[in-house]
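Structure first, commentary second.
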Amino acid sequence: MPETFRIQTLNAISPLGLNRLDRERFDLGTEFTDPRAILLRSADLHSYDVPHSLYAVARAGAGTNNIPVEKLASLGIPVFNTPGANANAVKELVIAGLLLAARNLYHAADYTKDLVAEQQLSGKDLDKQVEAGKKQFAGFELPGRTLGVIGLGAIGVLVANAAQAMGMKVLGYDPAITIERAWQLSPSVEQVTSVEELFARSDFITLHVPLIEATQGLVSAERIASMPAGSVVLNFARGGVVDEEAVLAALDSGQLHAYVNDFPTEVGAVHPKVITLPHLGASTSEAEDNCAVMAVDQLSDFLLHGNIRNSVNFPEVAMARSPNTTRLGIFNENKPNMIGQITTVLAEAGLNVTEFTNKARGDYAYTLVDVEGEVADELKEQILAIDGVIRARKIEG
Ligand SMILES: NC(=O)C1=CN([C@@H]2O[C@H](COP(=O)(O)OP(=O)(O)OC[C@H]3O[C@@H](n4cnc5c(N)ncnc54)[C@H](O)[C@@H]3O)[C@@H](O)[C@H]2O)C=CC1
Ligand SMILES: O=C(O)CCC(=O)C(=O)O
């Protein structure tokens, strides 16, 4: 009997994704103590005691800073994410954020509500007060203003192109932009080669980078001070990318007009010039469906066939299945003679290799190998005995 894989969900995942799982082969639950896989969104796994049973983690979303990616790599556990699947949802919220800030919409709507709910005005009195009070919310328009986009990945490129189409001058900064993203970028977006230049020239800054060591506190007091007075910072990346204390001080001094973000903190959320949303970037039915479908498909392809696609800690390795073969998936340290030792074990067991892929990424590598016929259970133990092999799995056909 082939194994039924237990998948533990740690957040609500769209049924459109979950329903793709064949219930003969997958058992879904929220409480397993020995899951084969974890499927999650923003749940924090950093203090999670990783059980030996765990084969994989799938993040239905882009950011993986809630997951101990390196630690899992060292245990031979791939972490998958869903690049681009929620990018349009975030782009739309960023565009809303630009308009919220430029037209003071949040405070203006609060003001109107207050006139009716608190001051109990109605009819002509309400009309009069509306016309008298509205000037305090007069805003400015976007065409001709400069938007600096930091991070030109799936989201940043969509934001840059949309802002450009609304008449903004757009500057982009991403020292590691991929060729694919560069092709998608509107030719009118100007590439800048230093963050300092981007800050100095931008009326709005929007962040679309992962939270990693290099991006922690990227929006600093010094950089904010170099922006034109009355600028706006939008943060739909992660809270830690911004030095919030510096942002709040700049809002108080008038250097910044507004800070629009998706990551509530006790101090920031109640500041009058801060608009904080409850991590809403990817919360559309479309994005939730897209992410769930992609995460589930990648996870089931790995559990059933050992294929790795869109992993953030292991290389892309995928092979079609062939009849009358047995597949082995092997995680190992990226060091000399691993392939030689693995193939020697296979040869000594009299096995004929029909297909073999080995790819490395950083300190680790993954080998997928198909051999003719059946494989004895002891073979896995022999492979595991090789110095540098972290994990090995016989994958049923
Ligand atoms: N608010 C929300 O609900 C959501 C937030 N996010 C956040 O947005 C981030 C970006 O998402 P995607 O665009 O899908 O990811 P992506 O991986 O497609 O793009 C990230 C880009 O940032 C660039 N980058 C990395 N370090 C950089 C640096 N120091 N300076 C400039 N650029 C740098 C990379 O080269 C890459 O092009 C995610 O990591 C996540 O933290 C993503 C989706 C939803
Ligand atoms: O799943 C969510 O709602 C958050 C999405 C997100 O932050 C991401 O994809 O990085």
Side-chain angles (χ1 to χ4, degrees), residues 9-14 17 39-45 58-67 69 79-97 148-162 171-185 189 191-199 202 205-220 223 234-242 260-264 275-295 310-312:
T9 54
L10 297 185
N11 296 104
I13 305 290
S14 160
L39 185 51
L40 80 172
R41 286 172 63 172
S42 299
D44 192 346
L45 276 195
R59 188 338 177 180
T64 51
N65 57 301
N66 54 325
I67 301 167
V69 171
V79 176
F80 300 93
N81 74 347
T82 60
N86 56 23
N88 188 67
V90 182
K91 173 203 81 181
E92 291 186 2
L93 206 57
V94 172
I95 299 303
V149 183
I150 305 183
L152 293 164
I155 300 169
V157 165
L158 294 183
V159 169
N161 291 353
L171 310 177
Y173 172 78
D174 187 335
I177 187 171
T178 64
I179 293 172
E180 185 197 355
R181 297 299 174 210
W183 274 107
Q184 290 165 355
L185 198 59
V189 173
Q191 181 201 9
V192 297
T193 50
S194 85
V195 192
E196 275 61 40
E197 182 187 347
L198 191 106
F199 273 86
S202 298
I205 292 274
T206 186
L207 303 158
H208 301 294
V209 291
L211 176 60
I212 50 177
E213 220 177 300
T215 59
Q216 183 88 38
L218 188 153
V219 178
S220 63
R223 286 173 174 162
L234 299 120
N235 178 12
F236 288 84
R238 284 294 180 264
V241 178
V242 165
V260 188
N261 75 98
D262 215 7
F263 309 101
I275 299 171
T276 307
L277 303 173
H279 198 177
L280 268 192
S283 295
T284 64
S285 51
E286 293 86 348
E288 289 176 0
D289 288 349
N290 290 343
C291 289
V293 165
M294 205 163 159
N310 290 324
S311 166
V312 295

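Order of appearance sets the numbers: ligands from 1, and atoms from 1 within every ligand. Computed from heavy atoms alone, side chains included, the values below leave out hydrogens, waters and symmetry copies.
Within ligand 2, counting atoms from 1 as listed, the ones closer than 4.0 Å to a heavy atom of Gly61 are 9 (O). Residue Gly63 approaches ligand 2 through these ligand atoms, each under 4.0 Å from one of its heavy atoms: 8 (C), 9 (O), 10 (O).
Assignment of Ala282 to the shell around ligand 1 is supported, since a heavy atom sits closer than 4.0 Å. At least one heavy atom of Ala237 sits closer than 4.0 Å to an atom of ligand 1. Distances shorter than 4.0 angstrom do not occur between any heavy atom of Glu288 and any atom of ligand 2. For Pro175, the closest heavy-atom approach to ligand 1 falls below 4.0 Å.
At a 3.5 angstrom cut-off on N or O pairs, Arg181 does not count as close to ligand 1. In terms of polar-atom proximity, defined here as any N/O pair under 3.5 Å, Ser283 makes no such contact with ligand 2. At least one N or O atom of Phe236 sits closer than 3.5 Å to an N or O atom of ligand 1. Geometrically, ligand 1 and Ile177 share no nitrogen or oxygen pair separated by less than 3.5 Å.
Within the 4.0 angstrom cut-off, atom 17 (O) of ligand 1 has no protein heavy-atom neighbours.
When non-hydrogen atoms are compared, ligand 1 lies under 4.0 Å from the side chain of Val90 (C-beta onward) but not from its backbone. Proximity of Asn86 to ligand 2, defined as any heavy-atom pair under 4.0 Å, is confined to the side chain (atoms from C-beta onward). Residue contacts with ligand 1 for Arg238 involve side-chain atoms from C-beta outward but no N, CA, C or O (heavy atoms, distance under 4.0 Å). When heavy-atom distances to ligand 2 are checked against a 4.0 Å cut-off, Ser42 comes that close only through its side chain, counted from C-beta outward.
For atom 5 (C) of ligand 2, the closest non-hydrogen atom on the protein side is Ala282 CB, 3.6 Å. In terms of protein heavy-atom proximity, atom 9 (O) of ligand 2 is closest to Ala62 N, 2.6 Å. For atom 26 (N) of ligand 1, the closest non-hydrogen atom of the protein is Thr215 CG2, 4.0 Å. Of the protein's heavy atoms, Pro210 CA, 3.3 Å lies nearest to atom 39 (O) of ligand 1. For atom 4 (C) of ligand 2, the closest non-hydrogen atom of the protein is His279 NE2, 3.4 Å. Protein heavy atom nearest atom 32 (N) of ligand 1, with residue, atom name and distance: Val209 CG1, 3.4 Å. What sits closest to atom 1 (O) of ligand 2 on the protein, heavy atoms only, is Arg41 NE, 2.8 Å. Atom 6 (C) of ligand 2 has its closest protein heavy atom at Arg59 NH2, 3.3 Å.
Closest heavy-atom approach to atom 13 (O) of ligand 1 within the set Thr178, Ile212, Ile155: this belongs to Ile155.
The salt bridge (Lys or Arg N to Asp or Glu O under 4.0 Å) pairs that include a residue from residues 173-185 number zero, where partners must be two or more places apart or lie in different chains.
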